[in-house]
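Here is the structure we will look at.
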Amino acid sequence: AQKVTQAQTEISVVEKEDVTLDCVYETRDTTYYLFWYKQPPSGELVFLIRRNSFDEQNEISGRYSWNFQKSTSSFNFTITASQVVDSAVYFCALITGSNTGKLIFGQGTTLQVKP
Amino acid sequence: GAGVSQSPSNKVTEKGKDVELRCDPISGHTALYWYRQSLGQGLEFLIYFQGNSAPDKSGLPSDRFSAERTGGSVSTLTIQRTQQEDSAVYLCASSLGVPGAYEQYFGPGTRLTVT
């Protein structure tokens, strides 16, 4: 079975703090892809990053960074120096070779950044 | 370029009526997906199209739900004899090619309310 768990339901930080959103996934497939999406209050899901299971290199994009660790089946997302505009619901998702087009989403983490 | 568009943005219908939801994918995207988002169930996969074929319909909740795609472009999701539990935001996404290898881009959604 494939599953994505985002244990943090809600996180509240003050602007400029760093924050890490956790994502743990389960799959028996050796080929899979992991994603992060952002859903701001406007509602539209915005793609942030895609990783395949063969590439464990961490990635940094501006204030965003992702840590992929196969040993712990985790794909965590860190926002450095958070800003009010980062307030949104963040979803981690998984596609495997055996589940065709189906993105399996975690329950989402609501991040509130206070000024 | 233009993103995924969906219509209508909001739909209120009476229980028992049929509804049609439309999705226009990003031009050139061969894969198209339908999901729904509700408070209780999170983000759920419904169906995936590659071209005009649907290799994975496993997420359709009942035979009241059907979808088609024509000309490898526009897709319509039809819900017959709507029930109150069908109330949700229906999201469409498209991707350039094979799921996983390409990220899915989401539209703004159609909010369906069944009264």
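The shown structure was predicted, so the numbers you read here are calculated from the model rather than taken from an experiment. To find a chain, count down the sequence lines: A is the first, B the second, and so on, and within it residues start at 1.
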Can you say whether the rings of [X] and [Y] are parallel (under 30°), tilted (30 to 60°) or perpendicular (over 60°)?
{"X": "Phe68(A)", "Y": "Tyr32(A)", "value": "perpendicular"}
{"X": "Phe91(A)", "Y": "Phe105(A)", "value": "perpendicular"}
{"X": "Tyr33(A)", "Y": "Phe35(A)", "value": "tilted"}

Contact winner vs chain A - Ser95(B), Ala93(B), Gly107(B), Gly42(B), heavy-atom pairs under 4.5 Å: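 Heavy-atom pair counts peak at Gly107(B).
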Most chain A-contacting option - heavy-atom pairs closer than 4.5 Å, from Leu43(B), Val89(B), Leu91(B): Leu43(B)
Show which side-chain atoms of residues 83-90 of chain A pair as donor or acceptor with protein atoms under 3.5 Å away, not counting sequence neighbours.
from     : atom 1 : to        : atom 2 : distance (Å)
Asp86(A) : OD1    : Arg63(A)  : NH2    : 2.9
Asp86(A) : OD2    : Arg63(A)  : NH1    : 2.8
Asp86(A) : OD2    : Arg63(A)  : NH2    : 3.2
Asp86(A) : OD2    : Gln83(A)  : N      : 2.8
Ser87(A) : OG     : Val84(A)  : O      : 3.0
Ser87(A) : OG     : Val113(A) : N      : 2.9
Tyr90(A) : OH     : Asp86(A)  : O      : 2.6

Pairwise distance OG1(Thr30(A)) to CZ(Phe54(A)) - rounded to 0.5 angstrom: 5.0 Å
Sub-6.0 Å ring centroid separation between Phe45(B) and Tyr33(B): no
Test side chain to side chain contact (heavy atoms under 4.5 Å, CB included) applied to Pro25(B) and Ser75(B), Ser94(B), Cys92(B), the passing residue: Ser94(B)
Under 4.5 Å from a heavy atom of chain A, the part of Tyr35(B) involved: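 Side chain of Tyr35(B) only, per the 4.5 Å heavy-atom cut-off to chain A.
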Contact origin within Gln104(B) toward chain A - heavy atom pairs under 4.5 Å: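 When you check distances to chain A, atoms from both the backbone and side chain of Gln104(B) fall under 4.5 Å.
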Donor + acceptor pair across side chains of Thr113(B), Ser87(B) (<3.5 Å):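 No, Ser87(B) and Thr113(B) have no side-chain donor paired with an acceptor closer than 3.5 Å.
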Close contacts, residues 37-50 of chain A versus chain B, judged by heavy atoms under 4.5 Å: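 Near chain B, by residue number: Tyr37(A), Gln39(A), Glu44(A), Leu45(A), Phe47(A), Arg50(A).
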